[in-house]
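So you know, we letter chains A, B, ... as the sequences are listed, proteins then strands, and number each from 1.
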There are 2 protein chains.
Amino acid sequence: MNNRLEEIRKQRGIKQEELATALEVSRQTIGSLENGRYNPSILLAFKIARFFGMSIEEIFIYEEDENA
Amino acid sequence: MNNRLEEIRKQRGIKQEELATALEVSRQTIGSLENGRYNPSILLAFKIARFFGMSIEEIFIYEEDENA
DNA sequence: TCAAAATGGAAAGTACGCTTGACATTGCTT
DNA sequence: AAGCAATGTCAAGCGTACTTTCCATTTTGA
């Protein structure tokens, strides 16, 4: 799973810390997602999508043979 | 998180077991999702959506104040 | 240039998604 | 009514999402 989090966050001119606060998660969680250390839960993915006014699919990129 | 899994699966006339096999998860996982015992990982949500040719948002319903 | 702000990332702990295995219940079909 | 198919559900175990704490590195701005 790739994602466009860092790109979208920077477009909006907000800091990791600000995004984290808005989403009610830790700053490290945002950093970990941006750097691909792990994938978000589906709840967090929904919160992120809703925060940016986008769909989950526009932000998180699922590659067909992700884990086969 | 509510979801329309059971409804959509039955529309297509397929069994839990068949869906499980197609998605490469256990039958119990499908049952647990349909009965709301837990939410899917985002990877499984993507696989489900892709299998049904729908978006994640069309299948999984996120309620605003899900976890305060 | 130098300090503060922003980000990167490790470690240890908790919660949950998912597995296998087993058994109970419900729903056909005859 | 009986028997099999489909579904419900529990328990134990494993991996990972997320937390807090802490420290290192990079970026920014006066």
Colleague: Can a salt bridge be assigned to the pair A/E18 and A/R9 using a cut-off of 4.0 Å between side-chain N and carboxylate O?
Modeller: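 Salt bridge absent between A/E18 and A/R9.
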Colleague: In whole Å, I'd like the distance from the CG atom of A/L44 to the C1' atom of C/dG17.
Modeller: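 Taking atom C1' of C/dG17 as the reference, CG of A/L44 is at 15 Å.
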Colleague: In whole Å, I'd like the distance from the CD1 atom of A/I42 to the C1' atom of D/dA17.
Modeller: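 Rounded to whole Å, this separation is 14 Å.
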Colleague: Do the side-chain N and O atoms of B/T29 and B/S26 include a donor-acceptor pair separated by under 3.5 angstrom?
Modeller: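 Yes - a donor-acceptor pair under 3.5 Å links their side chains.
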Colleague: Check this for me: does any side-chain nitrogen of one of A/K47 and A/E24 sit under 4.0 Å from a carboxylate oxygen of the other?
Modeller: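 Result for this pair is yes, salt bridge flagged.
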Colleague: Grab the CG-C1' distance between B/N3 and C/dG17 for me, whole Å please.
Modeller: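 The answer, rounded to whole Å, is 14 Å.
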Colleague: A/Q16 side chain: which of C/dG17, C/dT7, D/dA6 is closest?
Modeller: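 Nearest listed nucleotide: C/dT7.
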Colleague: When you measure from the side-chain N and O atoms of A/R27 to the phosphate of C/dA6, is any distance below 4.0 Å, counting only OP1 and OP2?
Modeller: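 No.
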Colleague: Identify which nucleotide among C/dG17, C/dT7, D/dC18 has an atom closest to any side-chain atom of A/K15, counting heavy atoms from C-beta outward.
Modeller: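 Per side-chain heavy atoms of A/K15, the pick is C/dT7.
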Colleague: Nearest to the side chain of B/N35, heavy atoms from C-beta on, is which of D/dG8, D/dC18, C/dT20?
Modeller: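 The answer is D/dG8.
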Colleague: By nearest atom, which of the nucleotides C/dA10, D/dC10, C/dC18 is closest to the B/V25 side chain?
Modeller: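 Nearest nucleotide to the side chain: C/dC18.
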Colleague: Atom CG of B/N39 and atom P of D/dA17: how far apart are they, to the nearest Å?
Modeller: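 Nearest whole value for this atom pair: 14 Å.
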Colleague: Look at all strands and tell whether B/S26 reaches a base, only sugar-phosphate, or nothing, counting heavy atoms closer than 4.0 Å.
Modeller: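 Answer is base: heavy atoms of B/S26 come under 4.0 Å of a base.
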Colleague: Between B/E17 (CD) and C/dG21 (C1'), how many Å, whole number?
Modeller: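 Answer to the nearest Å: 14 Å.
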Colleague: Using whole Å, report how far OH of A/Y38 lies from C1' of C/dC16.
Modeller: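 It works out to 14 Å between those atoms.
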Colleague: C/dA22 phosphate, OP1 or OP2: any side-chain N/O from B/Q28 under 4.0 angstrom?
Modeller: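 For C/dA22, neither OP1 nor OP2 has a side-chain N or O of B/Q28 closer than 4.0 Å.
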Colleague: Mind calculating the distance between CD (A/E34) and P (C/dG9) to the nearest angstrom?
Modeller: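 In whole Å, C/dG9 P lies 11 Å from A/E34 CD.
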Colleague: Would you please confirm or rule out a distance under 4.0 Å between OP1 or OP2 of D/dA6 and any side-chain N or O of B/R9?
Modeller: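 Indeed not, no polar side-chain atom of B/R9 lies that close.
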Colleague: Using five base pairs at each end to define the local axes, how bent is the helix from C/dT1-D/dA30 to C/dT30-D/dA1, to the nearest 10°?
Modeller: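 The helix from C/dT1-D/dA30 to C/dT30-D/dA1 shows an end-to-end axis angle of 50°.
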Colleague: Nearest 0.5 angstrom please: A/I30 CD1 to A/R27 CZ, how far?
Modeller: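 These two atoms lie 10.5 Å from each other.
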Colleague: Under 4.5 Å between any side-chain heavy atoms of B/R37 and B/Q28, yes or no?
Modeller: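 In short, these two side chains do not touch, never coming nearer than 4.5 Å.
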Colleague: Would you classify B/T29 as touching base, sugar-phosphate or nothing, given that sugar-phosphate means primed atoms plus P, OP1 and OP2, and contacts are heavy atoms under 4.0 Å?
Modeller: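 Base contact - B/T29 has a heavy atom under 4.0 Å of at least one base atom.
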Colleague: Would you check if A/I61 and B/F46 make a side-chain contact, meaning some heavy-atom pair closer than 4.5 Å?
Modeller: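 No. Closest side-chain heavy atoms not under 4.5 Å.
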Colleague: Counting just side-chain N and O atoms, does B/S32 come under 4.0 Å of either OP1 or OP2 of D/dG8?
Modeller: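 Answer no for this pair, as no side-chain N or O of B/S32 is under 4.0 Å from OP1 or OP2.
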Colleague: In whole Å, I'd like the distance from the CZ atom of A/R37 to the P atom of D/dT16.
Modeller: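 After rounding, the reported distance stands at 15 Å.
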Colleague: Among A/N2, A/N39, A/I48, whose side-chain contact (heavy atoms from CB on, under 4.5 Å) with A/F60 holds?
Modeller: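 When A/N2, A/N39, A/I48 are each tested with A/F60, the side-chain contact (heavy atoms from CB on, under 4.5 Å) holds only for A/I48.
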Colleague: So does A/I56 get a backbone contact from the side chain of B/E57, meaning a donor-acceptor N/O pair under 3.5 Å?
Modeller: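 Side chain of B/E57 to backbone of A/I56: a pair is present.
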